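Just below is one structure, and these are the notes that go with it.
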Amino acid sequence: MTDLPSRPSRSTRSSHFHVHDTLSNSLIPLPQKSAGECSIYACGPTVYNLIHLGNARPAVVFDTLVRHLRAAGTKVTYVRNFTDIDDKIIQAAAQTGESPRALAERFVVAYREDVASLGCVAPDHQPRVSEHLPEIIAMIEKLVEKGHAYVSDGDVYFRVKSFADYGKLSKQTVEDLEQGDVSRKNDADVKESKLDFALWKAAKAHEQPDARWPSPWGEGRPGWHIECSAMAKKWLGDSFDLHGGGLDLKFPHHENEIAQSEASNGAPFASSWMHNAMILVNGKKMAKSEASSYPPEIRHAMILRNLLALVDAEAVRLWLLATHYRADVNFEVVVDESGERDAQGLRPTRFPLLDEAERRVEYFYDTRARMNARAQRAQGAKDPTDAHPIRAIVRAFDEALDDDLNTPVALAQVAELYKRANELCDQNRKDPVETRALLEALEHTASVLGIANGEPAAFARQVRERRARQRKIDVAEIDALVTERMNARKNKDFARSDTIRATLIERGIELRDEAGGTVWRIV
């Protein structure tokens with residue numbers, strides 16, 4: 001964004017990142033099987049529909065983690081999978097009349113588009129279950145051979161009681177689990193224990209031809225849990241440094257991954273576990289079973305693609321990062337019950353927390369534009385020393401992220417940087433060293449957080465166009481009024497100029513007179 005190079009010295013130090021490890025329930029240094037390197041596996045989506053905000057949160061959290069580690073000089077291998085073989089996909093395809101594989105492909109593309117909109121960089125590897133059937137079958141065969149799994153009428157189940165450490169992630173014992181209801185269906189006749197879970201499912205007669213694959217046990221498809229174990233092994237080996245995902249996956253998905261992987265591989269699975277918390281809706285937990293009872297406006301807005309038509313994607317990212325990843329984040333939706341319904345039958349909605357985040361992102365971009373205009377003054381300036389006050393703020397930013405990805409504290413340091421940048425511009429201080437330090441600091445924090453990391457003019461144009469559509473504002477009409485006002489000012493017709501300005505302000509249009517002319521935006 002500027003002609004100044006980013007400061008190189010930070011990239012020479014190793015990260016001091018500490019993670020709150022779910023397995024040990026403690027803060028530990030980030031495990032590194034190889035010094036200076038980190039291998040990360042994060043559970044991706046089951047691609048049977050457009051993703052919702054709950055899917056967006058881990059995408060943003062682990063993207064930010066990877067950005068931070070790489071900025072600190074750590075070599076990261078980041079893997080996030082696509083579950084493109086699943087019962088939900090088969091059911092959804094039956095409803096739409098598509099083949100399961102075509103439906104899954106459609107939502108793989110949609111997911112990639114949606115998380116890219118949030119500023120998430122593509123992982124190093126994005127494996128799909130459908131491309132790893134040989135690895136999955138080989139792992140199941142090994143489990144059967146070692147006595148950890150058994151065949152029952154074309155299905156293959158993992159024998160939970162054969163793995164002594166079962167429950168170590170979720171802190172549950174087999175005895176406790178046997179007292180509870182962990183089975184989703186009445187299959188006591190085909191399973192040795194209700195705790196046992198499917199590694200391979202025999203195809204049903206009514207299921208589509210492309211929803212089944214050959215195996216030593218007959219046609220069928222893999223169970224959900226074995227899929228991630230096989231893909232993680234293929235791309236990261238028997239053991240790797242960190243496994244991530246939503247808290248809702250801790251049990252049974254991640255617990256089962258540990259059991260089958262360690263039973264098969266004879267080695268520890270993930271050295272550490274990082275789980276993000278949930279999304280609340282208006283302060284309450286939104287259970288899947290209760291989703292249908294929410295107003296249609298809320299259900300509509302929970303779908304990420306729908307939400308991004310209403311608020312800026314960077315605002316969504318900032319809103320997610322403003323809360324620590326291990327705390328629930330509140331999605332506040334205000335439905336105007338008296339408002340006129342749109343073509344979809346939905347009433348107008350507001351998102352106070354997201355609106356606030358969008359205003360904050362606008363402030364970031366406005367400040368970066370002001371600082372970019374001063375970049376020329378910093379050319380040739382000596383490199384600021386590590387004792388420089390701006391560098392101290394950047395260190396505090398990095399240290400906050402090193403502390404279990406504490407983004408709220410990191411954002412407090414970002415606020416201080418932007419405050420100082422605006423003071424520099426407001427006072428028109430001709431301090432090339434401070435200017436350079438601030439330019440580098442803003443570049444670094446924007447790059448790590450993935451916020452205000454684009455071009456200010458492009459962001460302003462994007463927000464203006466979306467707000468114009470939402471409020472049915474004719475951009476050409478506003479442009480004409482702004483031009484008329486500029487001409488009135490040029491002709492010293494200040495009465496007409498003031499009248500136009502007042503009219504535009506009433507319509508929610510903010511004007512800014514700059515050296516190159518007048519720019520406007522919708523507030």
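In what follows, residues are counted from 1 in the order of the sequence shown. All values reported here derive from a predicted model rather than from experimental measurement.
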- Message: Are Glu510 and Ile505 packed together at the side-chain level, in the sense that at least one heavy-atom pair is separated by less than 4.5 angstrom?
- Response: no
- If we only count heavy atoms from C-beta on, is the Leu424 to Asp426 side-chain gap below 4.5 Å? no
- Query: Any side-chain heavy atom of Leu65 sitting closer than 4.5 Å to one from Val19?
  - Reply: no
- Query: Do Tyr78 and Asp63 have side-chain atoms, one donor and one acceptor, less than 3.5 Å apart?
  - Reply: no
- Sub-4.5 Å side-chain heavy-atom contact between His18 and Asp402: no
- Classify the side-chain pair Arg489/Thr518 by whether it contains a donor and acceptor separated by less than 3.5 Å. no
May I have the list of side-chain donor-acceptor pairs in residues 406-414 shorter than 3.5 Å, sequence neighbours left out?
unit_1 : atom_1 : unit_2 : atom_2 : d
Asn406 : OD1    : Val409 : N      : 3.4
Thr407 : OG1    : Leu321 : O      : 2.5

- Would you say the side-chain atoms of Asn276 and Arg326 include a donor-acceptor pair closer than 3.5 Å? no
- Query: Do Arg512 and Trp520 meet the cation-pi criteria used here (NZ or CZ under 6.0 Å from the six-membered ring centre, within 45° of the axis)?
  - Reply: no
- Item | Set of residues satisfying side chain to side chain contact (heavy atoms under 4.5 Å, CB included) with respect to Arg112, sequence neighbours excluded | Phe82, Val108, Gln126, Arg128
- Item | Donor on one side chain, acceptor on other, Asn55 and Tyr111, under 3.5 Å | no
- Arg436 side chain to Gln379 backbone, donor-acceptor under 3.5 Å: no
- Message: For Asp84 and Ser130, which I'm curious about, is there any donor-acceptor pair between the side chains at under 3.5 Å?
- Response: yes
- Query: Just by distance, with hydrogens left out, do Gln470 and Arg466 show a side-chain donor and acceptor under 3.5 Å apart?
  - Reply: yes
- Apply the test side-chain contact (heavy atoms from CB on, under 4.5 Å) to residues Asp383 and Val433: give CA-CA distance (whole Å), side-chain angles for both, the deciding distance (0.1 Å), then the verdict. CA-CA 7 Å; Asp383 188 40; Val433 175; over 6 Å; no
- Item | Carboxylate-amine/guanidinium contact Arg221 Asp87, below 4.0 Å | yes
- Atom of Arg420, atom of Pro389 and distance for their closest heavy-atom approach: NH1-CB, 3.7 Å
- Any salt bridge between Asp124 and Arg70, counting N to O under 4.0 Å? yes
- Message: Is a donor from one side chain sitting under 3.5 angstrom from an acceptor on the other, for Asp398 and His16?
- Response: no
- Task: Indicate yes or no: does Arg305 engage Glu113 in a salt bridge with an N to O separation below 4.0 Å.
- Result: yes
